[in-house]
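Mind looking over this structure? Questions follow.
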Amino acid sequence: MTGYGAYLKNEDIHAFNGASEFFSHIDLHFARLMQRLSRAESRDVSIAAALVSRFTRQGHICIDLASHAGRVIEAEIDGRQVVCPPLDRWRSSLASSPVVGRPGDFRPMILDEGSRLYLWRYWNYEKCLSDRLIELSRQERALDAPGIRDLLALHFPGDDAGKINWQKIAVLIGLKGALSIITGGPGTGKTTVVSRILAVLCRLEPKTRVALAAPTGKAAQRLEESLAKTLASVQDSSADLPVSRMRAATIHRLLGVVPGSSRVRHSRNNPLPYDAVVVDEASMASLNLIALLVQALKPGSRLILVGDRNQLASVEPGHVLGDICGTGGGGCYSSRTCALIREATGYELPAGGPTGVQDCLVELRETYRFGPESGIGRLGDAVRDGDTGRCMDMIRGQRFPDVEFRVVPGAELIPELLERVVLDGYGPCLRTNRVEERFALYADLRVLCALREGPFGVAAVNRLIEKILSDKGLIRPDRQHYHGRPILVAANDYSVRLFNGDIGFVLRDEEDGELRAFFPGPEDTVRKVSLARLPEHETAFAMTVHKSQGSEFSRVVLLLPPKDSPVMSRELVYTGITRARRRLDIWAVPEVFAAAVGRRTERVSGLGDLLKKHE
């Protein structure tokens, strides 16, 4: 939309009078611009333009006109209530407008056959991504099934052929072609699968160059650490594993995103130099980022997408992993893939699925982190499945020692409720003088909030925690920066090599007594950064559930506000729950918790249909 900004004049700011909060100013400005470029008064086009702008801001790739046709919207344009036209008339009005094109046209908005209306930019991202994924799914490698069977046996010793090991199948899928998608909840072995794919791949193709990436700096750091541990466990004297010496980077850094622009250094014309690219926490990656990445893969390269399809989607438009996983992955593969699985593993799977992206997808269900009696694991499963009744039975019963549900009294959070938790969780971290130990202890607790603002929002909760710690003499928050302040980086800054999601501490430097920011460096080192050079950041005793993705903590306190909000969804609750390893506290009103579990986030896109169309 910024490309059309030059057409706006000052008087356009007030072109739409009486608009409710349903539309923002940018939505209304865009609608007026489309009307002006159309050179004709068309209320149907104006309404469609305002809607597509609004829904794109909310994370959707497009709008489904059929779901809005004939509806009355609680908003006004030009002082008149917004009534969406009937679908046939709406499509006809848009098709005759010079600002609306069909797929393949270069117009500000694109209307496809399924009555989905896009901003051109997002239609182009979606089309480029679907085309490239389909192309990758068709690139299969010739595998020696008996040889692969021996290698799989090496990495899965004592495996019982009578029970299907989906990790083993996932490794095979990762080896058989240029595209593989591995999804599963926490503790299902996603990192184990990736390590074994890379180990076998480097044994079969010793000169393989591998890139490790994730959407945020924190997720990239965790990927690097997790792979280093799991690769060490699978390494043997006959296998050269150069990936164990590799460093993970953010996807932005891998692509060479030019700061302050949408340009990237690596593209189809200047591809990445890697033979395989692994993207962890793919659920957090936006449509445009994954679209740019697949375009930058060199010919013959492999792409391995890893993540939990049930977690929160990107804060930017798109839910790529969810859309891809919606194509299948329950084990019904094509006859050709089932034959390969039978030869290489001995497993008999039901055939009959289509070829295409479906054949590249594996969903891991069995968790190795939580035992059968773990409340965290069982509650997470119930939330993932949207089983509100089972969730409520579990929290009312309070029969799991690792899960506690506390009803939040009143409209504000009482400090006494948090005091014991905060002192036990953050006290050891703040008392230690060793920087490395401080980072390790900091992972013992995290308070997670559903919202940013309000009494239960992350800003207010951080202030409350600071007061508790200050009253006990553990910190002195008399200014923005103080000794012991944990900080979360909120923006990428390539000049200081700090990225969105990086965690650090403001500490007094022992060398000169000055306050500086300390961040974990490579190989257990610590980096010092001047406070003046810090990119956008925030205090991180508490953080939003969104910001916690890609991290795990020994204990999690999940705070939900006492009033329901559309922001609180099944995916948000599931993501918050699954950040906990040993102890989970949920503080909420039961009815609000139940409403959140029952509310599934739906992001409108056409990616799933485009992928299925080519099966």
Side-chain angles (χ1 to χ4, degrees), residues 59-62 114 116 122-140 166 169-170 173-174 176-185 188 190 193-194 197 213-215 219 251 276-297 301-314 316-334 337 353-365 384 549 571 574-575 600-615:
H60 301 280
I61 301 304
C62 55
R116 286 181 287 253
Y122 289 102
W123 172 84
N124 187 54
Y125 281 141
E126 188 176 90
K127 183 66 166 60
C128 289
L129 176 57
S130 63
D131 287 350
R132 192 72 172 101
L133 289 177
I134 291 163
E135 180 185 347
L136 291 170
S137 72
R138 292 171 177 170
Q139 296 175 11
E140 296 198 345
W166 284 97
I169 292 176
I173 296 296
K176 82 175 183 68
L179 176 66
S180 54
I181 304 105
I182 302 158
T183 182
T188 52
K190 298 186 295 293
V193 167
V194 172
I197 291 174
I251 302 175
V277 176
V278 179
V279 178
D280 195 19
E281 299 292 349
S283 65
M284 300 165 60
S286 62
L287 171 69
N288 62 310
L289 201 57
I290 296 295
L292 291 171
L293 176 64
V294 297
Q295 294 297 307
L297 297 175
S301 180
R302 298 172 185 263
L303 175 65
I304 304 172
L305 297 177
V306 187
D308 187 346
R309 63 182 292 187
N310 298 296
Q311 280 191 28
L312 281 165
S314 165
E316 297 180 63
H319 188 194
V320 173
L321 188 65
D323 288 338
I324 295 173
C325 293
T327 63
C332 189
Y333 296 107
S334 68
T337 296
T355 58
V357 175
Q358 148 80 17
D359 261 0
C360 307
L361 172 62
V362 179
E363 182 165 9
L364 306 174
R365 282 278 183 161
R384 178 199 64 206
Q549 290 190 93
E571 292 80 7
Y574 172 81
T575 302
R600 185 173 184 181
T601 301
E602 297 286 352
R603 286 195 169 178
V604 182
S605 87
L607 181 59
D609 285 350
L610 287 173
L611 295 176
K612 289 178 181 178
K613 187 182 295 185
H614 293 272
E615 289 177 344

>> Using 0.5 Å steps for rounding, measure from the SG atom of C128 to the CH2 atom of W123.
In response: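 Here the interatomic distance stands at 7.5 Å.
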
Look up atom CD in Q295 and atom CG in L129, then write down how far apart they are to the nearest 0.5 Å.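 If I round to the nearest 0.5 Å, the distance is 8.5 Å.
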
Under a 3.5 Å distance rule, please check whether H319 uses its side chain to pair with a backbone N or O of A313 as donor and acceptor.
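No; judged by distance alone, with no hydrogens or angles, the pair does not exist.
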
**Q.** Shortest non-hydrogen separation from G59 to R603 and the atoms involved
**A.**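 Taking every non-hydrogen atom into account, O-CD, 3.3 Å.
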
Handout entry: Separation of T575 OG1 from D308 CG (nearest 0.5 Å)
Key =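 Atom-to-atom, D308:CG and T575:OG1 are 7.0 Å apart.
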
Discussion item. Just to verify, what does R384 make a salt bridge (Lys or Arg N to Asp or Glu O under 4.0 Å) with, not counting sequence neighbours?
Written reply: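 R384 satisfies salt bridge (Lys or Arg N to Asp or Glu O under 4.0 Å) with D381 once adjacent residues are dropped.
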
* Asked: Atom CD of E140 and atom SG of C360: how far apart are they, to the nearest 0.5 Å?
  ->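 Here the interatomic distance stands at 7.0 Å.
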
message = Whether the side chain of R302 engages the backbone of G177 through a donor-acceptor N/O pair (distance < 3.5 Å, no angle test) should be reported.
response =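 At least one qualifying donor-acceptor pair exists.
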
Evaluate E316 against L289 for side chain to side chain contact (heavy atoms under 4.5 Å, CB included), listing each step before the verdict. CA-CA 10 Å; E316 297 180 63; L289 201 57; over 6 Å; no

Q) For A178 and S301, which heavy atoms make the closest approach, and how far apart are they? A)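 Scanning both residues, the minimum pair turns out to be CB-O, 3.7 Å.
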
Item to complete: Would you indicate whether the side-chain heavy atoms of I61 and L607 approach each other to under 4.5 Å?
Response: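 In short, these two side chains do not touch, never coming nearer than 4.5 Å.
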
- Task: Using a 4.5 Å cut-off on heavy atoms from C-beta on, say whether the side chain of L136 contacts that of L297.
- Result: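 A side-chain contact under 4.5 Å exists here.
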
Exercise. Among L179, T337, D359, which one satisfies side-chain contact (heavy atoms from CB on, under 4.5 Å) with I173?
Worked result: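 That would be T337; it is the only one of L179, T337, D359 passing the side-chain contact (heavy atoms from CB on, under 4.5 Å) with I173.
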
Nearest 0.5 Å, what's the CD1-CG distance between I182 and L305?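 That separation rounds to 9.0 Å.
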
Q311 (side chain) donor-acceptor with M284 (main chain) under 3.5 angstrom:
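Side chain of Q311 to backbone of M284: no pair is present.
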
Looking at every non-hydrogen atom in both residues, tell me the closest pair between E571 and N310 and how far apart they are.
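Between these two residues, the closest heavy atoms are CG-O, 3.6 Å.
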
- prompt: Sub-3.5 Å donor-acceptor pair from the side chain of R132 to the main-chain atoms of L293, do we have one?
  reply: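 Not confirmed, R132 side chain does not pair with L293 backbone.
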
key: Expected output: side-chain Y333 to main-chain L361 donor-acceptor under 3.5 Å   =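 Between the backbone of L361 and the side chain of Y333 there is a qualifying donor-acceptor contact (under 3.5 Å).
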
Check your understanding: What pair of heavy atoms forms the shortest contact from I197 to A170, and how long is it?
Key ->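 Looks like CD1-O, 3.9 Å.
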
What are the two closest non-hydrogen atoms of H60 and V604, and how far apart are they?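 Smallest interatomic distance, heavy atoms only, reads ND1-N, 2.9 Å.
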
How far apart are the closest heavy atoms of P317 and Y122, and which atoms are they?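 Heavy atoms of P317 and Y122 come nearest at CG-OH, 3.7 Å.
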
Does the side chain of Q549 come within less than 4.5 Å of S283's, by heavy atoms?
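Yes, at least one pair of side-chain atoms sits under 4.5 Å.
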
Nearest 0.5 Å please: distance from the CD1 atom of I251 over to the CD1 atom of I290.
->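 Between atom CD1 of I251 and atom CD1 of I290 there are 4.5 Å.
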
Q.
Between T183 and G307 (side chain of the first, backbone of the second, donor and acceptor by atom type, cut-off under 3.5 Å), is there such a pair?
A.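 Answer holds: yes.
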
